[in-house]
Amino acid sequence: YLAPQRLPDHYDALLFVNRTTAAKPNPSGRRGPSKIPAAPGPVNFDFEEGQPGEVPKGWSMTTPGFEARVETEGSKSGLRHVLLRRESEQKEGFGILMQSLEAQAYRGKRIRLSGWLRADGGAKAMAWLRVDRSEGRGFFDNMWERPVMAPEWQPFAIEGVVDDNATSLNLGLLLTGDGGMRADGFKLEIVEPASGKKP
């Protein structure tokens, strides 16, 4: 089991509120969860759908100054993968590509997000997974302390428990540093019920 890693609080707030949502503060003064529409299940996790040079189908680019596009050369599996890279000369900030899923089918389960990442030109490549609950955030891991920095494809895995009151799963790619990152062959699987008993 991979323990969740946290960004410093100010990065956490930027990454998972300001950058990934258009949410407005509610009466309590706190912002709500992501407003990206939640899909019933994973969409285009192998990045095979979408035209080369365009954002892959089912995924949303949520940070200015970065681009995500389908690539056809050097894929780990299949014919296509996704490239996330910095567009502008600005060296600060981070790039995020994400999608949101309905949580109902995963409630009370331990899940695993896995796939392949690689980094070029000094970039730090990370995947992330966040569980949003009816009140507040649940499990969260963004690989902040174990980024992929190699130019060769490297496997990753994130495991966590989905709360019984979870409303959505939000997941995707996170890029920091110079250069770009590539991702391929994502999978989201139910490992076992949260109780530890095999399904």
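Here the structure is a predicted model, which means the values were calculated and not measured.
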Evaluation steps, salt bridge (charged side-chain N to carboxylate O under 4.0 Å, His left out), between Asp164 and Lys109:
CA-CA 9 Å; Asp164 290 334; Lys109 306 292 196 307; over 6 Å; no
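- Every ring-ring contact (aromatic ring centres under 6.0 Å, His included) that Phe156 has, sequence neighbours left out, goes to Phe186.
- Residues satisfying the side-chain contact (heavy atoms from CB on, under 4.5 Å) test with Arg69, not counting sequence neighbours, are Glu67, Glu71, Leu83, Arg85.
- Side-chain atoms of Arg130 never come within 3.5 Å of backbone atoms of Gly138 as a donor-acceptor pair (strictly under, hydrogens ignored).
- Using a 4.5 Å cut-off between side-chain heavy atoms of Ile, Leu, Val, Met, Phe, Trp and Tyr, with links allowed through other members, Val148 and Trp116 fall into different hydrophobic clusters.
- A side-chain donor from one of Ser100 and Asn170 sits under 3.5 Å from a side-chain acceptor of the other.
- Between the side chain of Asp132 and the backbone N or O of Gly136, no donor-acceptor pair lies under 3.5 Å.
- Under the 3.5 Å distance criterion, the side-chain polar atoms of Glu49 are left unmatched by any main-chain donor or acceptor of Pro56.
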Step by step, would you call Phe47 with Val70 a side-chain contact (heavy atoms from CB on, under 4.5 Å)?
CA-CA 7 Å; Phe47 303 106; Val70 174; 5.8 Å; no
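- Judged purely by atom type and a 3.5 angstrom limit, Glu48 uses its side chain to pair as donor or acceptor with the backbone of Leu79.
- A donor-acceptor pair is defined here as one N or O able to donate and one able to accept, closer than 3.5 Å; no such pair exists between the side chain of Arg112 and the backbone of Glu189.
- A salt bridge between Arg80 and Asp184 is absent, with no side-chain N of the basic residue lying under 4.0 Å from a carboxylate O of the acidic one.
- Listed here is the closest heavy atom pair of Gly179 and Ala123: C-CB, 4.0 Å.
- Looking at Met181 and Leu117, their side chains come closer than 4.5 Å, going by heavy atoms from C-beta outward.
- Taking the six-membered ring for Trp, Trp144 and Phe94 have ring centres at least 6.0 Å apart.
- Paired with Ile111 under the rule side chain to side chain contact (heavy atoms under 4.5 Å, CB included), one option of Val191, Leu171, Val161, Leu129 passes, and it is Leu129.
- Screening Leu173, Ile96, Leu84 against Met61 for a side chain to side chain contact (heavy atoms under 4.5 Å, CB included) leaves a single residue, Leu84.
- Within the 4.5 Å cutoff, side-chain heavy atoms of Glu159 are placed close to those of Arg110.
- Contact detail for Gly58 and Val43: the closest heavy-atom pair is CA-CG1, 3.6 Å.
- Hydrophobic clustering of Ile, Leu, Val, Met, Phe, Trp and Tyr side chains at less than 4.5 Å, counting indirect connections, unites Met143 with Leu175.
- Evaluation of the salt bridge (Lys or Arg N to Asp or Glu O under 4.0 Å) rule for Lys187 yields no partner, not counting sequence neighbours.
- Judged by distance alone, with hydrogens and angles left aside, the side-chain atoms of Trp153 form a donor-acceptor pair with the main-chain N or O of Gly74 at under 3.5 Å.
- Side-chain contact check for Val131 versus Phe140: every heavy-atom pair is 4.5 Å or farther apart.
- Under the 4.5 Å side-chain heavy-atom criterion for ILVMFWY residues, a single connected hydrophobic cluster contains both Met126 and Trp128.
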